[in-house]
Amino acid sequence: MWGSMFFRFDQATLTTVLSACDSPDRLYVVKMIHSIAFVSGFEEGITVGNALVTGYFKCGSSGFARQTFDEMPKRNVVSWTAVISGLVQSQFCEESLRLFVAMRHSDVDANSLTYSSSLTACSGMQAIVEGRQIHALVLKSGVDSDLCIESSLMDMYSKCNSMEDACLVFESAEEFDEVSMTVMLVGFAQNGLEEKALELFVTMMTAGIEIDANMVSAILGVFGVITSLSLGKQIHSLVIKKCLGFNTFVANGLINMYSKCGEFGESIKVFNQTNYRNSVSWNCMIAGFARHGHGLEALQFYENMNLEGVEPTDITFLSLLHACSHVGSIKKGMELFDSMSEVHGISPRMEHYACVVDMLGRAGHLEEAKCLIEGMPIEPSVLVWQALLGACSMHGNLEVGRYASDHLLRVAPECSAAYVLMANIYSSQGRWKERARIIKRMKEMGVKKETGMSWIEVEKEVHSFVVEDLSHPQADSIYEVLDELIAFMIEEGYVPDKRFVLYDLGLG
DNA sequence: TTAGGGTTAG
């Protein structure tokens with residue numbers, strides 16, 4: 001009876017089993033089949049080799065996948081595409097593009113699937129130059145009317161912040177589906193064109209297009225900027241109607257939308273109702289509290305996150321540091337900052353350093369902030385120097401201010417803030433000659449300060465304002481209300497900071 | 001045996 005155990009596997013059986021290997025706990029099966037293929041002599045067959053490469057990637061072992069690919073004596077378009085797409089999905093976009101180039105030098109031609117994967121690699125790297133080159137290849141090979149390619153192209157252009165190009169592809173496409181629509185929604189939302197995203201979403205709704213969870217998550221993303229609660233609630237109704245609330249992305253989108261709008265009662269309700277909460281759900285709550293000045297609530301939520309055993313992410317710490325900065329809890333903020341790498345193994349990024357510098361600086365610990373910058377393991381960027389200079393301006397510290405502006409101008413010679421903040425420091429100390437010198441220097445360098453602007457939408461009409469703006473037809477009554485508000489604030493104990501307001505920088 | 005999309009900070 002044992003004799004029947006020793007039968008030979010054919011290629012079809014091996015590839016069928018490999019196609020079922022799609023999680024790390026099945027890696028041993030892929031390895032086993034690799035050995036069987038080896039002893040059976042199948043490892044030289046392209047089909048089994050390709051399936052092994054895909055199997056290794058799906059089981060999370062890009063190293064073995066790559067090794068198998070490298071050792072294949074013969075490769076076809078499937079082998080190349082499998083390794084190129086596998087590398088993208090494992091976040092090795094640069095390596096994926098390198099292989100695409102290597103493929104171009106081989107005797108195998110790319111197909112639409114290869115182009116699609118390489119474009120995804122460009123999206124991941126924000127590599128628009130390479131993306132455009134692949135776009136040209138796509139046009140040359142005549143596969144440009146493939147919807148997958150079009151979606152990849154739109155996604156590449158939008159991730160590279162070129163919505164004009166993404167729109168050109170979208171408008172020239174003969175058809176669309178839920179994926180290409182989602183790509184455009186996300187593109188608009190992430191490129192500061194929130195109104196366009198909403199417009200597209202409404203068009204889709206009125207055209208009767210089936211809305212799926214991905215589209216809803218994408219559109220909820222615009223509510224960071226658009227804080228229209230009534231619109232948000234309409235989308236929440238849609239979620240309930242279409243039973244999409246069980247999707248974690250959708251639930252997180254709702255939590256985010258409500259917390260950004262300051263509706264914490266609603267956000268907590270959705271948060272508590274969500275069965276599959278993840279770190280993003282917690283981050284959305286923490287960030288919402290931090291944004292609305294509820295630092296203590298943000299810290300409390302973080303405590304609960306720890307108690308539930310949910311691991312924080314780098315974004316959790318950005319929100320927490322932001323919260324500490326505005327509450328003025330330096331000690332707690334530094335504790336959290338240290339725990340990032342020591343307890344959670346997360347290396348601070350530039351943004352974290354900028355947050356800490358901002359936190360220390362706001363509280364007047366300028367020397368401490370300076371020391372922190374000097375000890376940074378990475379080269380401080382504009383963000384960091386600007387945070388330090390901003391704090392110096394706030395506290396009128398000339399010495400550290402000079403140091404910060406000097407470094408800021410080295411990394412960003414056209415940074416208007418470096419000149420303006422420094423001029424403010426000189427003004428606050430009555431150093432008029434030095435102030436004049438820096439303004440002159442700014443003009444000589446051709447640096448222009450962008451005028452600050454605010455806007456509000458009233459009954460579908462957007463009203464925008466700049467400083468000392470009298471152009472609005474209702475300017476008189478607007479200023480009357482402003483005066484009333486300021487009087488009310490002063491009554492409540494607000495002391496206006498008049499150090500800089502008297503000194504017009506003459507920058508128009 | 002190979003392909004396209006979603007939530008969080010700033």
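What's counted below: heavy atoms across the whole structure, side chains too, no hydrogens, waters or symmetry copies. Proteins come first, then strands; the chains are lettered A, B, ... in the order of their sequence lines, and each starts at number 1.
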> Checking all strands, does A/A213 fall into the base, sugar-phosphate, or nothing category for heavy-atom contacts under 4.0 angstrom?
Replying inline: base

> Counting any heavy atom closer than 4.0 Å, what does A/D314 reach on the DNA or RNA strands: base, sugar-phosphate only, or nothing?
Replying inline: nothing

> Side-chain N or O of A/K58 less than 4.0 angstrom from OP1 or OP2 on B/dT1?
Replying inline: no

> OP1 or OP2 of B/dT8 less than 4.0 angstrom from a side-chain nitrogen or oxygen of A/N256, does that happen here?
Replying inline: yes

>> Classify A/I315 by what it touches in the nucleic acid, base, sugar-phosphate, or nothing, heavy-atom distance under 4.0 Å.
In response: base

> Rounded to the Å, how far apart are A/I46 CD1 and B/dT2 P?
Replying inline: 15 Å

> NA contact type, A/R349, heavy-atom cut-off 4.0 Å: base, sugar-phosphate, or nothing?
Replying inline: base

> Between the base of B/dG4 and the side chain of A/S152, is there a donor-acceptor distance below 3.5 Å?
Replying inline: no

> According to a strict under-4.0 Å criterion, is A/Q89 in side-chain N/O contact with OP1 or OP2 of B/dG4?
Replying inline: yes

>> Nearest whole Å is fine: how far is B/dG6 C1' from A/L238 CG?
In response: 15 Å

>> Given the structure, check if the side chain of A/S116 and the base of B/dG4 hold any donor-acceptor pair shorter than 3.5 Å.
In response: no

> Within less than 4.0 Å of OP1 or OP2 of B/dG10, is there a side-chain N or O belonging to A/H322?
Replying inline: yes

> Looking at A/K260, does any N or O in its side chain come under 4.0 Å of the phosphate oxygens OP1/OP2 on B/dG10?
Replying inline: no

>> Does A/D177 contact B/dG4 through a side-chain donor or acceptor facing the base, at a distance under 3.5 Å?
In response: yes

> So what does A/T47 touch, heavy atoms closer than 4.0 Å: a base, only the sugar-phosphate, or nothing?
Replying inline: base

>> Could you check whether atom CZ of A/F271 has more than 12 heavy atoms from other residues, nucleotides or ligands sitting under 6.0 Å from it?
In response: yes

> How many Å lie between CE on A/M156 and P on B/dA3, as a whole number?
Replying inline: 20 Å

> Do A/D212 and B/dG5 share a donor-acceptor pair, side chain to base, under 3.5 Å?
Replying inline: yes

>> For a quick check of understanding: with a heavy-atom distance under 4.0 Å over all strands, which category does A/T15 fall into, base, sugar-phosphate or nothing?
In response: nothing

> When you look at A/V77 and A/M103, which way does the side chain to side chain contact (heavy atoms under 4.5 Å, CB included) test go after all the steps?
Replying inline: CA-CA 9 Å; A/V77 63; A/M103 182 187 184; 4.0 Å; yes

>> Below 30° counts as parallel, above 60° as perpendicular, anything between as tilted: where do the rings of A/F264 and A/F289 land?
In response: parallel

> Is there a side-chain polar atom (N or O) of A/Q190 under 4.0 Å from OP1 or OP2 of B/dT7?
Replying inline: yes

> What's the CD1-P distance between A/I219 and B/dG5, to the nearest Å?
Replying inline: 18 Å

>> Quiz question: by atom type and distance under 3.5 Å, do the side chains of A/H34 and A/Y56 form a donor-acceptor pair?
In response: yes

